[in-house]
Amino acid sequence: MGKSEVRIDKWLWATRVFKTRSIATDACKKGRVTILGMNVKPSHGVKIGDVINVKKPPITYSFEVVGLIENRVGAKLVPDYLKNVTPKEQYDLLEITRISGFIDRQKGLGRPTKKEGRELAKFNDLVFMGYEDIDDDEDDDEFDFDV
(Lines give C-alpha, C1' and ligand atoms only; values in the text may rest on other atoms or scores of the structure.)
Protein backbone atom coordinates (compact mmCIF):
# COMPACT_ATOMS: atom_id res chain seq x y z
CA MET A 1 0.00 0.00 0.00
CA GLY A 2 2.45 2.60 -1.20
CA LYS A 3 -0.26 4.95 -2.39
CA SER A 4 -0.69 8.29 -0.66
CA GLU A 5 -4.27 8.76 -1.96
CA VAL A 6 -7.22 6.54 -2.86
CA ARG A 7 -10.43 7.41 -4.70
CA ILE A 8 -13.14 8.25 -2.17
CA ASP A 9 -15.78 6.05 -3.82
CA LYS A 10 -13.44 3.03 -3.69
CA TRP A 11 -12.51 3.76 -0.07
CA LEU A 12 -16.15 4.13 1.04
CA TRP A 13 -17.03 0.83 -0.64
CA ALA A 14 -13.92 -1.01 0.60
CA THR A 15 -14.57 0.05 4.21
CA ARG A 16 -18.19 -1.09 3.98
CA VAL A 17 -19.74 2.36 4.43
CA PHE A 18 -21.75 1.59 1.27
CA LYS A 19 -22.87 -1.82 0.02
CA THR A 20 -21.71 -1.27 -3.57
CA ARG A 21 -19.24 1.02 -5.27
CA SER A 22 -21.96 2.39 -7.54
CA ILE A 23 -24.01 3.43 -4.49
CA ALA A 24 -20.90 5.17 -3.11
CA THR A 25 -20.39 6.92 -6.45
CA ASP A 26 -24.04 8.06 -6.56
CA ALA A 27 -23.79 9.38 -2.99
CA CYS A 28 -20.79 11.50 -3.99
CA LYS A 29 -22.56 12.80 -7.10
CA LYS A 30 -25.67 13.72 -5.08
CA GLY A 31 -23.68 15.73 -2.54
CA ARG A 32 -24.08 13.32 0.37
CA VAL A 33 -20.33 12.93 0.91
CA THR A 34 -18.28 15.90 2.15
CA ILE A 35 -14.76 16.62 3.34
CA LEU A 36 -14.25 19.85 5.31
CA GLY A 37 -17.80 20.89 4.38
CA MET A 38 -17.14 20.66 0.63
CA ASN A 39 -18.97 18.20 -1.61
CA VAL A 40 -16.57 15.80 -3.29
CA LYS A 41 -16.63 13.99 -6.61
CA PRO A 42 -16.26 10.19 -6.69
CA SER A 43 -12.70 10.55 -8.04
CA HIS A 44 -11.60 12.80 -5.14
CA GLY A 45 -8.56 11.40 -3.36
CA VAL A 46 -8.60 10.72 0.38
CA LYS A 47 -5.51 10.80 2.57
CA ILE A 48 -4.83 9.45 6.04
CA GLY A 49 -6.23 11.92 8.56
CA ASP A 50 -9.12 13.18 6.39
CA VAL A 51 -12.53 13.32 8.07
CA ILE A 52 -15.33 12.26 5.73
CA ASN A 53 -18.98 13.15 6.43
CA VAL A 54 -21.58 10.83 4.91
CA LYS A 55 -25.27 11.81 4.97
CA LYS A 56 -27.52 8.79 5.38
CA PRO A 57 -30.83 10.28 6.50
CA PRO A 58 -31.77 10.94 9.20
CA ILE A 59 -28.16 11.33 10.40
CA THR A 60 -24.71 12.31 9.14
CA TYR A 61 -21.90 9.88 9.91
CA SER A 62 -18.31 11.07 10.31
CA PHE A 63 -15.34 8.83 9.62
CA GLU A 64 -11.63 9.54 10.02
CA VAL A 65 -9.36 7.87 7.48
CA VAL A 66 -6.85 5.72 9.41
CA GLY A 67 -5.63 3.60 6.50
CA LEU A 68 -5.89 3.55 2.72
CA ILE A 69 -7.53 0.64 0.92
CA GLU A 70 -8.99 0.03 -2.54
CA ASN A 71 -10.28 -3.53 -2.24
CA ARG A 72 -13.14 -4.62 -0.01
CA VAL A 73 -12.15 -6.35 3.22
CA GLY A 74 -13.95 -8.36 5.85
CA ALA A 75 -15.97 -6.47 8.44
CA LYS A 76 -13.49 -7.39 11.20
CA LEU A 77 -10.67 -5.58 9.35
CA VAL A 78 -12.59 -2.32 8.78
CA PRO A 79 -11.33 -0.66 12.04
CA ASP A 80 -7.80 -0.80 10.56
CA TYR A 81 -8.89 1.67 7.89
CA LEU A 82 -11.48 3.97 9.46
CA LYS A 83 -12.37 5.45 12.82
CA ASN A 84 -15.99 6.35 13.48
CA VAL A 85 -16.01 9.89 14.90
CA THR A 86 -19.75 10.50 14.55
CA PRO A 87 -20.98 12.83 17.33
CA LYS A 88 -23.25 11.31 19.98
CA GLU A 89 -25.99 13.84 19.07
CA GLN A 90 -26.35 12.16 15.66
CA TYR A 91 -26.95 8.76 17.26
CA ASP A 92 -29.45 10.37 19.66
CA LEU A 93 -31.30 11.72 16.62
CA LEU A 94 -31.31 8.22 15.11
CA GLU A 95 -32.73 6.77 18.35
CA ILE A 96 -35.47 9.42 18.49
CA THR A 97 -36.43 8.60 14.91
CA ARG A 98 -36.45 4.88 15.70
CA ILE A 99 -38.65 5.38 18.78
CA SER A 100 -41.13 7.64 17.02
CA GLY A 101 -41.54 5.03 14.29
CA PHE A 102 -44.46 5.80 12.01
CA ILE A 103 -45.85 8.63 14.11
CA ASP A 104 -44.29 11.23 11.85
CA ARG A 105 -45.25 9.38 8.65
CA GLN A 106 -47.34 11.49 6.30
CA LYS A 107 -50.87 10.27 5.71
CA GLY A 108 -51.25 8.24 2.55
CA LEU A 109 -47.56 7.33 2.29
CA GLY A 110 -46.24 3.86 2.87
CA ARG A 111 -47.93 0.86 4.34
CA PRO A 112 -50.94 1.47 6.62
CA THR A 113 -50.41 1.09 10.35
CA LYS A 114 -52.34 -1.55 12.28
CA LYS A 115 -54.78 1.11 13.48
CA GLU A 116 -55.33 2.42 9.96
CA GLY A 117 -55.81 -1.16 8.72
CA ARG A 118 -58.49 -1.84 11.36
CA GLU A 119 -60.26 1.43 10.51
CA LEU A 120 -60.17 0.57 6.81
CA ALA A 121 -61.55 -2.93 7.43
CA LYS A 122 -64.34 -1.49 9.61
CA PHE A 123 -65.20 1.06 6.92
CA ASN A 124 -65.28 -1.64 4.22
CA ASP A 125 -67.56 -3.82 6.34
CA LEU A 126 -69.99 -0.93 6.85
CA VAL A 127 -70.02 0.00 3.16
CA PHE A 128 -70.57 -3.53 1.91
CA MET A 129 -73.22 -4.25 4.55
CA GLY A 130 -75.10 -1.14 3.50
CA TYR A 131 -75.22 -2.20 -0.15
CA GLU A 132 -76.33 -5.74 0.66
CA ASP A 133 -79.50 -4.43 2.34
CA ILE A 134 -80.80 -2.89 -0.89
CA ASP A 135 -83.15 -5.20 -2.75
CA ASP A 136 -83.38 -4.48 -6.48
CA ASP A 137 -86.64 -6.43 -6.99
CA GLU A 138 -88.72 -3.94 -4.97
CA ASP A 139 -87.83 -1.05 -7.27
CA ASP A 140 -88.98 -2.90 -10.40
CA ASP A 141 -92.61 -2.98 -9.17
CA GLU A 142 -92.90 0.81 -9.19
CA PHE A 143 -92.24 1.06 -12.90
CA ASP A 144 -94.51 -1.57 -14.33
CA PHE A 145 -95.02 -0.71 -18.00
CA ASP A 146 -97.67 -3.10 -19.19
CA VAL A 147 -99.03 -1.80 -22.43
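Starting from 1, each residue takes its place in the sequence as its number.
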Using atom types as modelled, flag every donor-acceptor pair under 3.5 Å from a side chain in residues 61-73 to any protein atom, sequence neighbours excluded.
{"unit_1": "S62", "atom_1": "OG", "unit_2": "N53", "atom_2": "OD1", "d": "2.7"}
{"unit_1": "E70", "atom_1": "OE1", "unit_2": "K3", "atom_2": "NZ", "d": "3.4"}
{"unit_1": "E70", "atom_1": "OE2", "unit_2": "K3", "atom_2": "NZ", "d": "2.9"}
{"unit_1": "R72", "atom_1": "NH1", "unit_2": "W13", "atom_2": "O", "d": "2.6"}
{"unit_1": "R72", "atom_1": "NH1", "unit_2": "F18", "atom_2": "O", "d": "3.3"}

Residues which pass salt bridge (charged side-chain N to carboxylate O under 4.0 Å, His left out) with R21, listed by chain and number, not counting sequence neighbours:
D9
Among pairs that include at least one residue of residues 40-51, which meet side chain to side chain donor-acceptor pair (under 3.5 Å), considering only residues two or more places apart or in two chains?
none
How about K56: does its NZ atom have over 12 heavy atoms from other parts shown lying under 6.0 Å from it?
yes
Are the side chains of L82 and V17 in touch, meaning some heavy atoms are under 4.5 Å apart?
yes
So I8 and I35, do their side chains get closer than 4.5 Å, heavy atoms only?
yes
Taken in chain and number order and not counting sequence neighbours, the residues that satisfy side chain to side chain contact (heavy atoms under 4.5 Å, CB included) with K76 are none
By side chain to side chain contact (heavy atoms under 4.5 Å, CB included), P58 pairs with (sequence neighbours left out) L94, T97
Which heavy-atom pair separates I59 from Q90 by the least distance, and what is that distance?
CG2-O, 3.0 Å
Hey, could you give me the CZ/CG distance between R32 and D26, rounded to the nearest 0.5 Å?
8.5 Å
List the residues meeting side-chain hydrogen bond (donor to acceptor under 3.5 Å, both in side chains) with T60, not counting sequence neighbours, and say none if there are none.
none
Supply the members, apart from V85, of the Ile/Leu/Val/Met/Phe/Trp/Tyr cluster built from side-chain contacts under 4.5 Å; use none for a lone residue.
V51
Is there any salt bridge (Lys or Arg N to Asp or Glu O under 4.0 Å) pair reaching into residues 80-90, and which pairs are they, with sequence neighbours excluded?
K88-D92
Hphob cluster co-occupancy, L36 + L12, side-chain heavy atoms under 4.5 angstrom:
yes
